[in-house]
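Numbering of residues begins at 1 and proceeds along the displayed sequence. Note that these values count all heavy atoms, side chains included, but never hydrogens, waters or copies made by symmetry.
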Amino acid sequence: MTMAPARVLSRLEVLAAAARDDLDALSYPDRSWLRPRNGPDGRPVDDVLIVGGGQSGVIIAAHLKREGLERVAVLDRCEPGEEGPWRTFARMSELRTPKTTVGNEFGIVNLSVRRWYETRYGAAAWAALDRIPRTDWKDYLDWYADVTGVRIENRTLVTDIAQAGDLVRVDTLVGNKPHARFARTVVIATGFDGAGAWRAPDFIRAALPRRAYDHSNGPIDFARLQGKRVGILGHGASAFDNAITALRAGAASAEVSFRRARLPRVNPHRAIETAGLMSHFPALADATRWRIARFFREKDQPPPMTAFNKALALPGFRLRPATPWTSVALEGEAIRVETPHGPLTYDHLILATGAVIDLDARPELKTLASRVALWSDRYAPGPDEEDARLAALPYLDEGYGFVPKATDEDWVGRVFAFNGLSVVSHGPHSTSISGHRHALPRVVRGVTRRLLVDHERDVLPDLAAYWSDDLPIPDDFEDRTAD
Ligand SMILES: Cc1cc2nc3c(=O)[nH]c(=O)nc-3n(C[C@H](O)[C@H](O)[C@H](O)COP(=O)(O)OP(=O)(O)OC[C@H]3O[C@@H](n4cnc5c(N)ncnc54)[C@H](O)[C@@H]3O)c2cc1C
């Protein structure tokens, strides 16, 4: 966290206390409703175990705790503070989402990013702001976790998720030590790359040594790029952010190549940010959801205006539209890139090509992958609407739960995918800041619904055993009035 002066910290503590008071005032009904239970190892099981402590994991945990779940664990493989992209490989100065996008704060103003920012920097600073600075967003998320009592267990890699009777077994590596734990339900909140990996295209990996290229969404030693010609593939926001970072670090040039004839001008994400679509996306017919997913693949979105303008203003920056790379090869220490317009020569490549879908690349999916229904199992698109990439994604239920491929694998419905696996079933915005207000309640309801159904056998005995002295009068009261 960027260290704030002591007086600012104390103002934030006052805000935290006010937010906790608000949460408390609106807490009904947060009473615990599941009997504590031990797993096969004799230790208490988690009601919900969340894989991933990025913004989704933290905010889902906060919501679940308000639904009366006491044992909600959040595990993350990374070091404390490095959850999500914000302090590691995200290189933009400010968020790509407008500052007015709200939704994670339960309608409680004192828990909102706006109040946090105004408390830290003043109301005028918020008014002057266009988008929230990237690292402030992460500082806010850390503060939010603290206020809502969400604790992340870091340096904990989830390596498998499997059945254990009517529980789910979650295998982890803590440090490097294997450790199995047990949960009633599991939410996978592993980010946009949770359906695969940030991976360079195969033709580049096959042709070049690893030192010749980096993926835009990974660690890059920009100091090494001083005086170098950098070739960037892709036209998304990360292409521009990495070009800016490379040029500012002293690269001689940074060229952004892409296949399209011109950059997209319209952001289709804004078109589907309506309360109707965001709340009820999974109620749409399969064919509609499929076509929306294809539309987004086809159209894509423009880079943010700020990054676009900053990049264009830097000497050494160049855009190369209609320039797909057809092959690459090492020539001495330089890299030769073939394009339909002739070869280009660079010293280093940055691949801003997004995430590949590859369920086999995810350790946590190794047992689940073959047991869950995929879009290819449930939906047959017309011949001109096929898309192998989308067909490989799971067909989720309305609460982000996996649907079993075979009828005897009902346990997979105790696992929920709030990550890149959900884009066809739930639309493209679930995990983004713009999705929080409408998508998060769906996964929270999905989890609590499953927990209730699994706990149904306890409902009548609990009702019969319920005792509360709501009318505290002597036991013989009725007898005495009868006299
Ligand atoms: C460069 C960049 C910029 C972006 N900017 C914006 C933006 O401005 N606005 C916006 O709305 N969205 C933005 N996004 C999309 C963004 O990824 C999400 O909004 C946000 O990070 C999603 O949060 P999340 O918690 O779902 O996933 P993440 O933030 O990706 O968090 C996932 C977490 O899961 C952990 N994890 C993964 N696998 C395992 C495992 N097996 N075991 C344990 N832990 C695991 C990871 O360490 C990580 O901390 C951006 C994405 C990128 C890459």
Side-chain angles (χ1 to χ4, degrees), residues 78-79 82 85-93 134 192-193 196-263 300 303-304 307-358 360-361:
C78 72
E79 295 294 316
E82 293 190 352
W86 316 113
R87 292 199 188 112
T88 51
F89 61 83
R91 303 193 167 98
M92 67 282 188
S93 54
R134 167 174 54 81
F192 196 71
D193 54 321
W198 306 121
R199 190 193 288 157
D202 288 344
F203 77 96
I204 290 176
R205 296 193 316 144
L208 295 179
R210 184 63 192 83
R211 66 172 192 286
Y213 64 88
D214 285 300
H215 192 284
S216 60
N217 291 0
I220 300 181
D221 180 2
F222 282 96
R224 260 184 63 206
L225 303 185
Q226 227 174 5
K228 300 275 162 64
R229 297 160 296 178
V230 180
I232 300 176
L233 183 61
H235 65 65
S238 291
F240 288 80
D241 294 337
N242 280 275
I244 294 165
T245 313
L247 289 168
R248 287 185 177 161
S253 61
E255 296 191 349
V256 169
S257 295
F258 50 94
R259 192 189 312 263
R260 288 167 205 269
R262 58 198 304 244
L263 286 172
D300 216 331
F308 179 77
N309 284 336
K310 272 186 194 163
L312 249 67
L314 286 171
F317 180 80
R318 177 161 182 187
L319 274 181
R320 288 188 175 276
T323 309
W325 293 0
T326 51
S327 69
V328 295
L330 213 53
E331 271 187 355
E333 275 311 294
I335 304 156
R336 182 183 163 103
V337 174
E338 297 299 339
T339 81
H341 316 295
L344 300 168
T345 307
Y346 298 115
D347 304 306
H348 194 77
L349 304 183
I350 298 180
L351 293 322
T353 43
V356 295
I357 290 178
D358 177 5
D360 293 338

Under the 3.5 angstrom rule, does the side chain of [X] hit a backbone N or O of [Y] as a donor-acceptor pair?
X	Y	result
H341	A322	yes
S216	A239	no
D214	I350	no
R134	W86	yes
H215	G354	yes

Between atom [atom1] of [X] and atom [atom2] of [Y], what is the distance when rounded to the nearest 0.5 Å?
X	Y	atom1	atom2	value
Y346	I232	OH	CD1	9.0 Å
I335	T345	CD1	OG1	9.5 Å
L314	F240	CG	CZ	12.0 Å
L225	D347	CG	CG	9.0 Å
F258	R320	CZ	CZ	11.0 Å
Y213	L208	OH	CG	7.5 Å

Q) Passes side chain to side chain contact (heavy atoms under 4.5 Å, CB included), T323 versus E255? Steps please. A) CA-CA 11 Å; T323 309; E255 296 191 349; over 6 Å; no
Pairwise side-chain contact, [X] with [Y], heavy-atom cut-off 4.5 Å (strictly under):
X	Y	result
T353	I204	no
N217	P85	no
V328	L349	yes

Minimum heavy-atom separation for [X] and [Y], please, with both atom names.
X	Y	result
H235	L263	CB-CD2, 3.5 Å
P303	F308	CG-CD1, 4.3 Å
P321	A261	CB-O, 3.3 Å
L351	W325	CD1-CZ3, 4.0 Å

Q: For L233 and V337, run side chain to side chain contact (heavy atoms under 4.5 Å, CB included): C-alpha distance rounded to whole Å, both residues' side-chain angles, the deciding distance at 0.1 Å, then the answer.
A: CA-CA 11 Å; L233 183 61; V337 174; over 6 Å; no
Q | Residue R260 excluded, over 12 heavy atoms near CZ under 6.0 Å | A |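 Counting other residues, nucleotides and ligands, CZ of R260 exceeds 12 neighbours.
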Q. Does atom CZ of R205 have more than 12 heavy-atom neighbours from other groups under 6.0 Å away?
A.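 Correct, the count exceeds 12.
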Q) Between I220 and F89, is a side chain to side chain contact (heavy atoms under 4.5 Å, CB included) present by the stated rule, with each step listed? A) CA-CA 8 Å; I220 300 181; F89 61 83; over 6 Å; no
Q) Parallel, tilted or perpendicular: which fits the ring planes of W198 and F192, with parallel below 30° and perpendicular above 60°? A)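 Geometry flag for F192 against W198: parallel rings.
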(Q) Among residues at least two apart in sequence or on other chains, which ones pass side-chain hydrogen bond (donor to acceptor under 3.5 Å, both in side chains) with R318? (A)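 If we apply the side-chain hydrogen bond (donor to acceptor under 3.5 Å, both in side chains) test to R318, skipping adjacent residues, there are no hits.
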(Q) According to side-chain hydrogen bond (donor to acceptor under 3.5 Å, both in side chains), who are the partners of R224, at least two apart in sequence or on a separate chain? (A)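 With neighbours one apart ignored, the set is empty.
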Expected list for residues 242-254: side-chain donor-acceptor pairs under 3.5 angstrom, two or more places apart:
residue: N242; atom: OD1; partner: R91; partner atom: NH1; Å: 2.8
residue: N242; atom: ND2; partner: S238; partner atom: O; Å: 2.8
residue: T245; atom: OG1; partner: D241; partner atom: O; Å: 2.7

Q) What's the verdict on side chain to side chain contact (heavy atoms under 4.5 Å, CB included) for S257 and T339, showing C-alpha distance, side-chain angles and the deciding distance? A) CA-CA 10 Å; S257 295; T339 81; 5.9 Å; no
